[in-house]
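A note on names: the letters A, B, ... follow the listed sequences, proteins ahead of strands, and every chain is numbered from 1. Just so it is clear, the values below take in all heavy atoms, side chains as well, and ignore hydrogens, waters and symmetry mates.
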Amino acid sequence: MEDYPITPKEHGVEFLMDNRHHWIRSRRQWAILRVRSVIKKAIMDFLDNDGFINIDTPIITPSAAEGTSNLFEVGYFDETAYLAQTGQLYNEANIMSMGKVYCFGPTFRAEKSKTRRHLTEFWMVEPEVAFCDLDDLMVLEERFITYIVQTALEKCAAELEILERDTTALEKITGEFPRISYDKAVEMLHELREKETDPEKKKELEIEWGDDFGSPHETVLTQQFEKPLFVYGYPSAVKAFYMEPWPDRPEVCKSVDLLAPEGYGEIIGGSERMSDPQKLVDAIHAHDLPPENYSWYIELRQFGSVPHSGFGLGLERTVAWICGLPHIRETTAFPRMLYRMNP
RNA sequence: UGUGGAGUAGCUUAAAGGCAGAGCGGCCGACUGUUAAUCGGUUAGGUGUGGGUUCGACUCCCACUUCCACAGCCA
């Protein structure tokens, strides 16, 4: 037999990632991938038991759904196609038949993100619900996250022990999660920035109403709470085109992000969707998107629509948080990242 | 893409202008009460690449390259 490449010795990240096919045999990696499996099943069990229908959405898509991120191009016979960044638009078609649906599959983002929170290929579960407003959505997310965390605690005690996860932090993830508006969050950030003494951090925490939050903002906000934090009502300008404007306050939209505690950041992004066809067309123009790409999506409203909402949960970020990992790369057996697609 | 840090033996590292050293691994032998690594011996690199400064460069300078962290983008 050949000598086993991984010795009972500390190794560097690059070496371990080059030897990922062997590394997954080690104790910690074994534990993480088992927790991932349990979380994945918990996600599906919760939704299945809550009346959701699982409908798969296409991975090959003709254009950018949200019109923002960079997508991976693939050749599709004589045409250019893209790997899907979300199944949401298709979900919105599916709820008009099924009421409550979810898709759960690989998602691709060609952003050159070089952080501990990003993969170029990751799994996202996207529930979408008809007759659901923003408040209903938050309640759903709360129940969903609570179920996932409590199931992981119950079924993965041994794995979390191996990972030396402080489970007392996870045991608190139950009941109502705090909800703050974007306006309030900006106020809090101003106060927190005042208290900050380190000039470098103080600079990072600069923010004005209308700016999207950066990672440092999310971190200090979540540090104020022990549970995941809902931040709702972001400025429309920093969010996707399809989000429903706030009544009497069109500069704000009915969006909500769920920020995980302990510095794990955004694990869910969601919103109430626009259900009025004319507002949607206007929004598409306002975002400089080609309306012809969205004709069927606009038609969903033209033939009768209902208030509806949905969100996307990143599986790997959730696994990283529940396992207490410093980096997302260990949450999947063979991660695809900027500068890494081997093995 | 920007900022900062780092590339020395298979792996993890020491050497801060003056002879590149160690631990683990490997190999040889001993042990045979054993599951993070028994004991002895031995092997192994000329320092990411290309230039430059210097009597002399792992060490200083420039370019390139790879990796890491943070930021942006987002799940």
Q. Atom NE2 of A:His11 and atom P of B:rG7: how far apart are they, to the nearest Å?
A. 19 Å
Q) Between A:Phe15 and A:Trp23, does the ring centroid distance fall short of 6.0 Å? A) no
Q: Sequence neighbours left out, what passes salt bridge (Lys or Arg N to Asp or Glu O under 4.0 Å) with A:Arg36? Give chain and number order.
A: A:Glu316
**Q.** Distance-minimising heavy-atom pair for A:Lys227 and A:Gly175
**A.** NZ-C, 4.2 Å
Q: Could you give the distance separating B:rG18 and B:rC60 at their P atoms, to the nearest angstrom?
A: 12 Å
Counting only pairs under 3.5 Å, give me each side-chain donor-acceptor contact of residues 305-314 of chain A, with atom names and distances, residues two or more places apart or in other chains.
unit_1, atom_1, unit_2, atom_2, d
A:His308, ND1, A:Val306, O, 2.8
A:His308, NE2, A:Glu92, OE1, 2.6
A:Ser309, OG, A:Cys132, O, 2.7

Q. Dot-bracket for RNA chain B, 5' to 3', counting Watson-Crick or G-U wobble pairs under 3.5 Å, with [ ] for crossing pairs and | for inter-strand pairs?
A. (((((((..((((....[..))))((((((.......))))))....(((((..]....))))))))))))....
Q) For A:Asp166, what residues pass the side-chain hydrogen bond (donor to acceptor under 3.5 Å, both in side chains) criterion, not counting sequence neighbours? A) A:Thr168
Q: Pick the C1' atom in B:rA75 and in B:rA44, then give their distance to the nearest Å.
A: 47 Å
(Q) Just to be sure I understand the rule, does A:Gly12 reach a base, reach only the sugar-phosphate, or reach nothing, if contact means heavy atoms closer than 4.0 Å? (A) sugar-phosphate
Q | Listed partners of A:Thr57 passing side-chain hydrogen bond (donor to acceptor under 3.5 Å, both in side chains), at least two apart | A | none
Q.
Taking B:rG23 as the reference, what is the distance to B:rA9 when you measure between their C1' atoms (whole Å, please)?
A. 12 Å
Q. Which whole number of Å gives the distance between the C1' atom of B:rC68 and that of B:rA16?
A. 22 Å
Report all side-chain donor-acceptor pairs from residues 206-216 of chain A shorter than 3.5 Å, counting only partners two or more places apart or in another chain.
unit_1, atom_1, unit_2, atom_2, d
A:Trp209, NE1, A:Asp183, OD1, 2.6
A:Asp211, OD2, A:Glu208, N, 3.0
A:Ser215, OG, A:Arg117, NH2, 3.4

**Q.** In B:rG51, glycosidic geometry as syn within 90° of 0 or anti otherwise
**A.** anti
(Q) Starting from A:Tyr339 and following side-chain heavy-atom contacts under 4.5 Å between hydrophobic residues (I, L, V, M, F, W, Y), which residues can be reached? (A) A:Leu338
Q.
From CZ of A:Phe144 over to P of B:rA75, roughly how many Å is that when rounded to an integer?
A. 15 Å
Q) Quick one: A:Leu83 CG to B:rC74 C1', roughly how many Å, whole number? A) 17 Å
Q | Residues A:Asp18 and A:Arg340 bridged, charged N to O under 4.0 Å | A | yes
Q. Heavy atom of residues 309-324 of chain A under 4.0 Å from RNA chain B: which residues?
A. A:Gly312, A:Gly314, A:Arg317
Q: Report the residues that fulfil side-chain hydrogen bond (donor to acceptor under 3.5 Å, both in side chains) with A:Ser271, sequence neighbours left out, ordered by chain and then residue number.
A: A:Arg273
Q) Residues from residues 28-54 of chain A sitting under 4.0 Å of RNA chain B, heavy atoms only? A) none
Q. B:rG72 and B:rC11: how far apart are their C1' atoms, nearest whole angstrom?
A. 35 Å
(Q) Between B:rU1 and B:rA37, how many Å separate the two P atoms, rounded to a whole number? (A) 46 Å
Q) Taking atom types as modelled and ignoring hydrogens, do the side chains of A:Thr174 and A:Gln150 form a donor-acceptor contact shorter than 3.5 angstrom? A) no
Q) Using 30° and 60° as the class limits, which term best fits the ring planes of A:Trp246 and A:Tyr232: parallel, tilted or perpendicular? A) parallel
Would you give me the side-chain donor-acceptor pairs under 3.5 Å for residues 96-105 of chain A, sequence neighbours excluded?
unit_1, atom_1, unit_2, atom_2, d
A:Lys100, NZ, A:Asp50, O, 2.8
A:Lys100, NZ, A:Asp50, OD2, 3.4
A:Tyr102, OH, A:Asp48, OD1, 2.8

Q. If you take all heavy atoms of A:Ser255 and A:Tyr234, which pair is closest and at what distance?
A. OG-N, 3.3 Å
**Q.** Gap between atoms NE2 and C1', on A:His217 and B:rG72 respectively (whole Å)
**A.** 12 Å
Q. Quantified in whole Å, what is the C1' atom distance between nucleotide B:rA14 and nucleotide B:rC28?
A. 28 Å
Q) Rounded to whole angstrom units, what separation is found between the CD atom of A:Glu126 and the P atom of B:rA75? A) 9 Å
Q: Would you kindly give the CD1-to-P distance between A:Ile162 and B:rA36, to the nearest whole Å?
A: 14 Å
Output one line per pair: protein atom, nucleotide atom from nucleotides 65-71 of chain B, and distance, for all N/O pairs under 3.5 Å.
unit_1, atom_1, unit_2, atom_2, d
B:rU66, O2', A:Glu14, OE2, 3.4
B:rA69, OP1, A:Arg329, NH1, 3.4
B:rA69, OP1, A:Arg329, NH2, 3.2
B:rC70, OP1, A:Arg116, NE, 2.1
B:rC70, OP1, A:Arg116, NH2, 2.1
B:rA71, OP1, A:Ser215, OG, 3.0

Q: Rounded to the nearest angstrom, tell me the gap between atom NE2 in A:His118 and atom P in B:rG72.
A: 9 Å
Q.
I'd like to know if the side chain of A:Gln88 pairs up with that of A:Glu128 as donor and acceptor (distance under 3.5 Å, no hydrogens or angles considered).
A. no
Q | Value in whole Å for how far the C1' atom of B:rC73 lies from CG of A:Leu119 | A | 14 Å
Q.
Between B:rU49 and B:rU12, how far apart are the two C1' atoms, rounded to whole Å?
A. 24 Å
